[in-house]
Each structure stands twice: as C-alpha cells, then as structure tokens.
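Predicted model, so just to flag it, every value in this text is computed and none were measured. For this chain, numbers begin at 1 and follow the sequence in order.
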Amino acid sequence: MANISRKTNETDINAKINLYGSGICNISTKIGFFDHMLQSFAKHALIDLELACDGDIYVDFHHSVEDVGIVIGSLLKQEIYPASGIERFGDSVVVMDEAAVSCAIDLSNRAFLVYENFSQSGKVGEFDVELVEEFFRAVASNANITLHLSKIRGKNAHHIIEATFKAFAVALRRAIAKNERVLTPSTKGVL
C-alpha cells in the first residue's frame with residue numbers, strides 16, 4: 001500500500017491505497033456526502049482506501065475536498081507510474097436513475113481535465129456541487145492523468161455526482177487492468 005501524510009494550515013490528511021484491492025475502505029473527512037462518494041469510488045474501482053482528513057470545515061468544505069483530491073491523485077501517481085503491463089485507457093458510462101455520466105481516462109503521465117455539462121451551482125445537503133470539479137481537477141493534476149467527465153443527462157444533483165464518482169471508478173479500474181501483452185503502453189517507450 002502506498003501511503004501519504006499531508007499537513008497544511010488548512011488540512012491534515014493521512015491516506016493509504018492498494019490499487020489492486022477489493023474495494024475495502026475506511027474514510028473519514030467529516031463531510032458525510034463526500035465520504036459517501038469516496039466510498040463509492042473505492043468500491044467500484046476495487047481499490048482499498050484508508051483516508052482520514054481533519055480540515056477547516058468550519059470555514060467551508062473547499063480545502064478538505066481539494067486537498068483530499070491532491071492526496072488521492074498523488075497516491076495514484078505513486079502506484080501507476082512508471083506504467084507497464086496495464087491497459088492504460090479506460091472508459092465507462094454509469095447511470096443512476098435519470099442520471100448518466102461518461103468518463104474516459106488516459107494514464108498518460110500528462111495532467112488534463114475536461115469537465116463538461118455539469119451544473120456548478122447548488123448543494124447536496126451542505127455539500128457545494130461546484131466542489132466536485134475541484135476534486136477531480138486535483139486528482140487529475142496530481143495523478144498526471146488525462147480525465148474526461150461529461151454529464152450525458154440528469155436532474156438530481158445527488159444522482160449526477162454519484163454517477164460521476166462511479167464512472168471515474170469503473171474507468172480507472174479498466175485503465176489499470178493488468179495485461180501481460182502490454183509492456184510499456186506507449187509508442188514513445190515511456191510514460
């Protein structure tokens with residue numbers, strides 16, 4: 001398991017990840033909805049994840065959500081690169097009731113995020129919808145992955161966000177799938 005401890009004036013985070021686990025997780029950010037989304041991510045990516053975040057949530061949830069994204073992205077980077085013997089590309093479309101979200105991933109060692117057709121306003125409970133993009137931007141930037149997330153349809157913010165986390169999980173699981181026929185998954189010879 002890769003592990004990281006990250007402490008700033010805004011957050012104190014300790015996390016461990018097993019990229020090829022079974023979806024077991026122990027997560028506490030003190031942000032209930034966000035914990036639920038991270039649990040869904042671990043379960044559907046089949047990644048074992050332990051994460052504890054003590055953040056300045058009395059200010060708002062932004063610092064905790066973004067910094068957790070930084071930590072998860074950093075853990076993924078440690079575990080993925082140098083990429084060898086994996087599929088590299090993964091995609092999925094996940095539905096949750098009326099919502100459908102697509103995700104495409106390239107474990108390219110180049111950070112890029114496309115986040116389209118999502119609302120940036122509103123709340124799910126106390127959780128600001130706009131923080132979802134902040135989380136995925138931090139993950140993509142710190143994992144050095146190219147990540148495309150697109151809402152196909154949906155009205156219920158909870159359903160849309162949960163479909164987004166699950167689509168990311170399934171696409172990542174497919175991208176990290178072992179394939180012994182693939183040495184370095186790039187014509188460049190290195191990622």
Side-chain angles (χ1 to χ4, degrees), residues 1-83 103 105 107 109-113 115 118 120-147 149 157-158 160-173 175-176:
M1 286 186 105
N3 61 66
I4 289 180
S5 294
R6 183 176 192 274
K7 185 172 181 153
T8 70
N9 290 334
E10 299 164 342
T11 61
D12 185 0
I13 303 172
N14 293 291
K16 294 180 185 177
I17 196 170
N18 177 3
L19 203 56
Y20 297 99
S22 57
I24 297 169
C25 62
N26 183 9
I27 296 166
S28 176
T29 66
K30 300 179 183 73
I31 304 169
F33 180 72
F34 189 44
D35 288 354
H36 177 49
M37 294 303 100
L38 294 173
Q39 291 161 356
S40 291
F41 162 67
K43 174 72 175 174
H44 294 284
L46 296 176
I47 289 174
D48 295 341
L49 178 62
E50 293 181 27
L51 188 138
C53 174
D54 185 17
D56 59 358
I57 59 174
Y58 60 90
V59 173
D60 70 9
F61 297 161
H62 186 106
H63 298 141
S64 292
V65 172
E66 182 177 33
D67 287 5
V68 166
I70 289 169
V71 166
I72 289 175
S74 298
L75 287 167
L76 291 173
K77 183 178 179 179
Q78 279 184 32
E79 290 294 287
I80 292 168
Y81 303 110
C103 178
I105 293 177
L107 305 180
N109 209 8
R110 293 184 308 277
F112 198 86
L113 175 68
Y115 189 81
F118 294 94
Q120 292 298 318
S121 62
K123 290 183 178 275
V124 175
E126 296 297 313
F127 187 87
D128 293 310
V129 168
E130 67 190 23
L131 295 179
V132 178
E133 182 176 8
E134 296 301 322
F135 171 78
F136 284 111
R137 184 176 321 287
V139 170
S141 295
N142 288 276
N144 275 2
I145 62 175
T146 298
L147 176 60
L149 293 162
H158 184 135
I160 293 164
I161 295 169
E162 189 161 346
T164 304
F165 274 81
K166 288 177 178 177
F168 173 61
V170 173
L172 179 64
R173 185 180 76 218
I176 64 172

Taking the side chain as every heavy atom from C-beta outward, state whether [X] and [Y] have any pair of such atoms under 4.5 Å apart.
X	Y	answer
Ile72	Leu51	yes
Val132	Phe118	no
Ser141	Leu113	no

What residues form a side chain to side chain contact (heavy atoms under 4.5 Å, CB included) with [X], not counting sequence neighbours?
X	value
Ser121	Ser119
Ala2	Ile17, Leu75, Gln78, Glu79
Lys123	Asp128
Thr8	Arg6, Glu10, Thr11, Asp67

Could you measure the distance from the [atom1] atom of [X] to the [atom2] atom of [Y]? Nearest 0.5 Å is fine.
X	Y	atom1	atom2	result
Met37	Thr29	CE	OG1	11.0 Å
Ser40	Ile161	OG	CD1	11.5 Å
Leu172	Leu107	CG	CG	6.5 Å
Arg173	Leu19	CZ	CG	12.5 Å
Met1	Asn18	CE	CG	5.5 Å

Subject >> Counterpart residues, ring pair (Phe, Tyr, Trp, His ring centres under 6.0 Å), relative to Phe165 (two or more places apart) >> reply: Phe135, Phe136

Subject >> Results of ring pair (Phe, Tyr, Trp, His ring centres under 6.0 Å) for Phe127 - residues two or more places apart only >> reply: Phe33

Partner set under side-chain hydrogen bond (donor to acceptor under 3.5 Å, both in side chains) for [X], not counting sequence neighbours:
X	answer
Thr146	Ser108
Asn14	Ser5
Lys166	Glu162
Asn142	none

Original post:
For the residue pair Tyr115 and Gln120, what are the closest heavy atoms and their distance?
Top reply: CE2-NE2, 3.2 Å

Original post:
Under the side-chain contact (heavy atoms from CB on, under 4.5 Å) criterion, do Cys53 and Val68 qualify, and how do the steps go?
Top reply: CA-CA 7 Å; Cys53 174; Val68 166; 4.0 Å; yes

Original post:
Within a reach of under 6.0 Å around CZ of Phe112, are more than 12 heavy atoms found that belong to other residues, nucleotides or ligands?
Top reply: no

**OP:** Apply side-chain contact (heavy atoms from CB on, under 4.5 Å) to the pair Phe168 and Ile105, showing each step before the final yes or no.
**Re:** CA-CA 8 Å; Phe168 173 61; Ile105 293 177; 3.8 Å; yes

Subject >> Sequence neighbours excluded, every pair satisfying salt bridge (Lys or Arg N to Asp or Glu O under 4.0 Å) that has a member inside residues 133-147 >> reply: Glu133-Arg137

Original post:
Tell me, which pairs form a salt bridge (Lys or Arg N to Asp or Glu O under 4.0 Å) where one or both residues lie in residues 33-59, sequence neighbours left out?
Top reply: Lys30-Asp54

**OP:** Evaluate the side-chain contact (heavy atoms from CB on, under 4.5 Å) criterion for residues Ile160 and Val129: first the C-alpha distance (whole Å), next the side-chain angles of each, then the deciding distance (0.1 Å), finally the verdict.
**Re:** CA-CA 10 Å; Ile160 293 164; Val129 168; over 6 Å; no

Subject >> Side chain Tyr20, main chain Ile176, donor-acceptor under 3.5 Å >> reply: yes

**OP:** Check step by step if side-chain contact (heavy atoms from CB on, under 4.5 Å) holds for Phe41 and Ile47.
**Re:** CA-CA 8 Å; Phe41 162 67; Ile47 289 174; 4.0 Å; yes

